Amino acid sequence: MLAVMSTATAPSSTPELARALAAAAAAFPHIDAATQDGITDEQAAFMRDNGLLVIRNVVRGAELAAIQHETQVYIDNANRGVDHPDYMYKDHELTGERTPFRVEYVIDKGPACKALLGHPFILRSVEKLQGRSFVPTWDSMVFKNGGSGVAIPWHRDSGTDNVDTTDGSDYTFPIFNVDFYLDRADTSNCVWGILGSNRWSAERANQTITDLNAGGFKTSHGALPITMNPGDVIFHNILALHGSPPTTNGKLRRVLYYEFRRGQIERTMGPHIPAYIPLKQKVLLACQHHRAQAAYARGEQPFVYRPEAEFASPALAVGEELSTYRYPHHEFWRK
């Protein structure tokens with residue numbers, strides 16, 4: 001069953017939860033990254049229409065083990081209560097205890113997270129959805145400790161202030177996060193999402209968020225549980241409604257979030273100033289270089305980043321190592 005929460009908010013019976021799981025299994029196309037090089041046109045259309053896309057077996061074997069090992073260090077730091085702006089805590093909704101839940105700028109913190117940004121299946125799929133001039137914009141880890149995970153209330157990752165909906169660009173070139181699951185997410189701790197909510201008006205989205213969060217985490221309004229295995233990925237549009245309940249049982253669940261935006265939209269609407277774009281393009285190139293050096297990436301066909309002329313990327317010199325991969329968002333916000 002779901003994690004402990006108000007009995008008025010959770011599916012009230014095992015059959016009810018089973019129906020939700022069956023609906024989720026039927027709703028998403030089956031995509032296996034072990035058998036294709038990137039998402040297809042049909043799968044991209046599903047993502048544009050529905051705002052959520054599940055992809056299985058993206059990160060495997062030695063790469064998955066390396067990222068799990070690397071990120072465990074960050075969790076250990078968080079559990080010790082490290083006082084650093086990249087480590088975030090909040091009071092648990094059920095126990096009241098101060099609980100870690102998020103670590104920012106993971107790409108700056110270790111080689112496996114750097115190499116992950118260069119994953120060719122992901123980059124080919126991002127290019128299909130956003131065009132050649134895409135830019136990596138965010139990198140974070142959100143986690144639920146075994147036995148103590150805070151809720152992630154229903155939300156959109158962003159309002160429409162930095163999304164171009166006036167001419168349908170958000171539907172054609174969606175802004176989205178790539179959610180890399182490093183652990184199994186079952187019905188005790190998985191994310192719930194609402195297909196198609198990326199196309200809702202702000203008014204409808206805000207009212208639904210209010211309804212779903214009132215009195216505890218609810219799973220109505222067509223919400224679907226999205227269970228995941230280690231190495232699976234979700235693409236989620238920043239306007240798609242999603243969230244997860246608090247947990248007081250279950251196992252560790254780590255998710256890395258790498259967000260991408262189309263360069264044209266980032267330049268015109270932000271939220272960062274245009275000078276942010278070439279800095280993050282160079283981060284992407286450097287991370288691709290890290291991937292090329294990783295033993296687990298040998299033999300794969302690397303992605304070639306080829307943005308349009310107006311977004312020509314700064315060159316990365318042979319053997320160049322960046323002094324930082326961490327560009328704090330607040331230093332690049334538009335006024």
Side-chain angles (χ1 to χ4, degrees), residues 1-7 9-31 47 50-59 64 67-68 71 75 92-94 99-102 140-157 176-198 208-209 212-213 216-238 240-258:
M1 281 296 293
L2 287 173
V4 177
M5 50 186 154
S6 169
T7 57
T9 66
S12 58
S13 65
T14 299
E16 185 176 352
L17 181 57
R19 284 193 294 271
L21 287 167
F28 289 98
H30 178 70
I31 308 173
M47 172 62 184
N50 294 282
L52 294 162
L53 190 70
V54 176
I55 307 170
R56 307 296 182 184
N57 300 314
V58 175
V59 185
L64 177 61
I67 302 170
Q68 289 170 331
T71 55
I75 291 172
H92 195 283
E93 294 79 2
L94 302 178
T99 304
F101 73 99
R102 186 179 181 103
S140 310
M141 178 176 69
V142 175
F143 65 98
K144 293 178 183 287
N145 270 320
S148 181
V150 300
I152 305 299
W154 283 98
H155 67 287
R156 278 177 157 174
D157 286 344
F176 63 94
N177 274 283
V178 178
D179 312 352
F180 297 93
Y181 277 73
L182 305 184
D183 307 286
R184 185 168 181 262
D186 58 23
T187 54
S188 72
N189 60 11
C190 71
V191 70
W192 290 67
I194 301 179
L195 291 173
S197 56
N198 56 302
T208 303
I209 288 169
L212 289 172
N213 287 327
F217 186 93
K218 295 185 179 69
T219 56
S220 57
H221 293 266
L224 298 175
I226 308 176
T227 57
M228 304 289 283
N229 291 315
D232 291 348
V233 159
I234 301 174
F235 286 5
H236 83 258
N237 187 305
I238 65 170
L241 270 63
H242 61 288
S244 62
T247 62
T248 55
N249 53 31
K251 297 181 179 180
L252 173 66
R253 191 208 78 177
R254 288 164 287 183
V255 187
L256 295 177
Y257 293 90
Y258 287 7

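Computed from a predicted structure; not experimentally measured. Counting begins at 1 with the first residue of the sequence.
Of all heavy-atom pairs between A223 and W154, the closest is CB-CH2, 3.6 Å. For A151 against K144, the heavy-atom pair with the smallest separation is CA-NZ, 4.1 Å. Nearest heavy-atom pair, C190 versus I226, reported as atom, atom and distance to 0.1 Å: CB-O, 3.4 Å. Across R156 and I209, no two heavy atoms sit closer than the pair N-CD1, 3.9 Å. Counting all heavy atoms, side chain and backbone alike, A240 lies closest to G51 at CB-O, 3.7 Å.
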Legend entry - side chain to side chain contact (heavy atoms under 4.5 Å, CB included) assessment of F176 paired with M47: CA-CA 10 Å; F176 63 94; M47 172 62 184; 3.7 Å; yes

Inset, instruction - Evaluate side chain to side chain contact (heavy atoms under 4.5 Å, CB included) for I234 paired with Y181, printing each intermediate quantity in order. - result: CA-CA 8 Å; I234 301 174; Y181 277 73; 3.7 Å; yes

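If you take CZ on F180 and OG1 on T71, they are separated by 12.5 Å, rounding to the nearest 0.5 Å. Residue I152 holds its CD1 atom at 11.5 Å from CG of N189, rounded to the nearest 0.5 Å. Rounded to the nearest 0.5 angstrom, L224 CG and L52 CG are separated by 9.0 Å. We find the CG-CG distance between L182 and D232 to be 11.0 Å, quoted to the nearest 0.5 Å. To the nearest 0.5 angstrom, L195 atom CG is 11.5 Å from N237 atom CG. Here the straight-line distance linking atom CG of N57 with atom CG of L64 works out to 10.5 Å at 0.5 Å rounding.
P225 places none of its side-chain heavy atoms less than 4.5 Å from the side chain of T219. Looking at L212 and I194, their side chains come closer than 4.5 Å, going by heavy atoms from C-beta outward.
When D183, I75, V150 are each tested for a side-chain contact (heavy atoms from CB on, under 4.5 Å) with F143, only one passes: I75. Applying the side-chain contact (heavy atoms from CB on, under 4.5 Å) test between T227 and each of V54, V191, T187 identifies T187 as the sole match.
Not a single donor-acceptor pair under 3.5 Å links the side chain of N177 to the backbone N or O of H236. The closest donor-acceptor contact from the side chain of H92 to the backbone of L94 lies under 3.5 Å. Panel note: side chain H155, backbone H242; a donor-acceptor pair is recorded below 3.5 Å. At distances below 3.5 Å, not a single donor-acceptor pair connects side-chain atoms of W192 with backbone N or O atoms of P245. Remark: side-chain polar atoms of R254 are paired, donor with acceptor, to backbone N or O of Q68 under 3.5 angstrom.
Contacts of D179 classified as salt bridge (Lys or Arg N to Asp or Glu O under 4.0 Å), with partners at least two apart in sequence or in another chain: none. Annotation: side-chain hydrogen bond (donor to acceptor under 3.5 Å, both in side chains) contacts of S197 (sequence neighbours excluded): none. Residues passing the side-chain hydrogen bond (donor to acceptor under 3.5 Å, both in side chains) test with N50: none are found, sequence neighbours excluded.
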